[in-house]
Amino acid sequence: MSDYTFDPALPGILLLSHGPLCEAILSSARLIAGSCDNVAALPLREDDDVEAYGDKAMALFKSMPEGSIVLFDLLGGTPFNQLMMKSGGEAFPGLCGMNLPMLLEAVSLREVMNGDELIDTLADSAREAVVNIRSFFEVS
């Protein structure tokens, strides 16, 4: 956690995943959008102690500015379950099914909205980002 310093004026985004998915999505976002200040990726590695991972994830989230959000790779997975347990029932803004379009939108919108409002917008846009490309091949 000491590797991160957050700008208190900018809501943070915490990315949690099984393995390096969160780091890869953040790396891709940086390639497209440039810097991604106040974004932290915390992968759960195969040899990690699950309890310690949960403690570290919650401490990292609590160190972020007010209005910060959490993006999880998978509903019901260990990163999600650990943060839910470590929250002690205290609600926090989060979204499962993390993907690159979601992170890019979160990075661009968090200066004008944050917390639950940002999560609601991201959930809507995530549904629109999943596109069956079949129509691109159909001839009218």
Worked verdict on Asn81 versus Phe72 for side-chain contact (heavy atoms from CB on, under 4.5 Å): CA-CA 10 Å; Asn81 291 339; Phe72 300 94; over 6 Å; no
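Applying the side-chain hydrogen bond (donor to acceptor under 3.5 Å, both in side chains) test to every pair with at least one member in residues 82-108, sequence neighbours left out, gives these pairs: Glu51-Lys86, Asp55-Lys86, Glu105-Ser125. Judged as a ring-ring contact (aromatic ring centres under 6.0 Å, His included), the pairs with a partner in residues 88-110 (not counting sequence neighbours) are, in order, Phe61-Phe92. Pairs passing the salt bridge (charged side-chain N to carboxylate O under 4.0 Å, His left out) check and including a residue from residues 63-82, sequence neighbours excluded, do not occur. Sorted pairs that involve residues 14-53 and meet ring-ring contact (aromatic ring centres under 6.0 Å, His included), not counting sequence neighbours, are lacking altogether. Pairs engaging residues 5-34 under the salt bridge (charged side-chain N to carboxylate O under 4.0 Å, His left out) rule: Glu23-Arg45 [sequence neighbours left out].
Between Pro11 and Pro65, the shortest heavy-atom contact is CA-CB, 4.4 Å. Scanning both residues, Gly12 and Ser68, for their nearest heavy atoms gives N-OG, 2.7 Å. Minimum heavy-atom separation, Cys22 to Ser17: N-OG, 2.9 Å. Here the closest non-hydrogen pair linking Ala52 and Asp49 is N-OD1, 2.7 Å.
Taking CG from Asn38 and CE from Met64, the interatomic distance works out to 7.0 Å, rounded to the nearest 0.5 Å. How far CG of Leu16 is from CE of Met58: 9.5 Å, rounded to the nearest 0.5 Å. The CG atom of Leu42 sits 6.5 Å away from atom OH of Tyr4, with the distance rounded to the nearest 0.5 Å.
Hydrophobic cluster membership of Leu118, counting Ile, Leu, Val, Met, Phe, Trp and Tyr whose side-chain heavy atoms lie under 4.5 Å apart directly or via other members: Ile13, Leu15, Leu21, Ile25, Leu26, Ile32, Val39, Ile69, Leu71, Leu95, Met98, Leu100, Met102, Leu103, Leu104, Val107, Leu109, Val112, Met113, Ile119, Leu122.
With sequence neighbours excluded, no residue forms a side chain to side chain donor-acceptor pair (under 3.5 Å) with Asp116. Residues that satisfy the side chain to side chain contact (heavy atoms under 4.5 Å, CB included) test with Leu75, not counting sequence neighbours, are Phe80, Cys96. The side chain to side chain contact (heavy atoms under 4.5 Å, CB included) check on Phe137 picks up Ile133, with sequence neighbours excluded. With sequence neighbours excluded, no residue forms a salt bridge (Lys or Arg N to Asp or Glu O under 4.0 Å) with Arg134.
Under the 4.5 Å side-chain heavy-atom criterion for grouping Ile, Leu, Val, Met, Phe, Trp and Tyr, Leu14 is not connected to Leu10 through any hydrophobic cluster.
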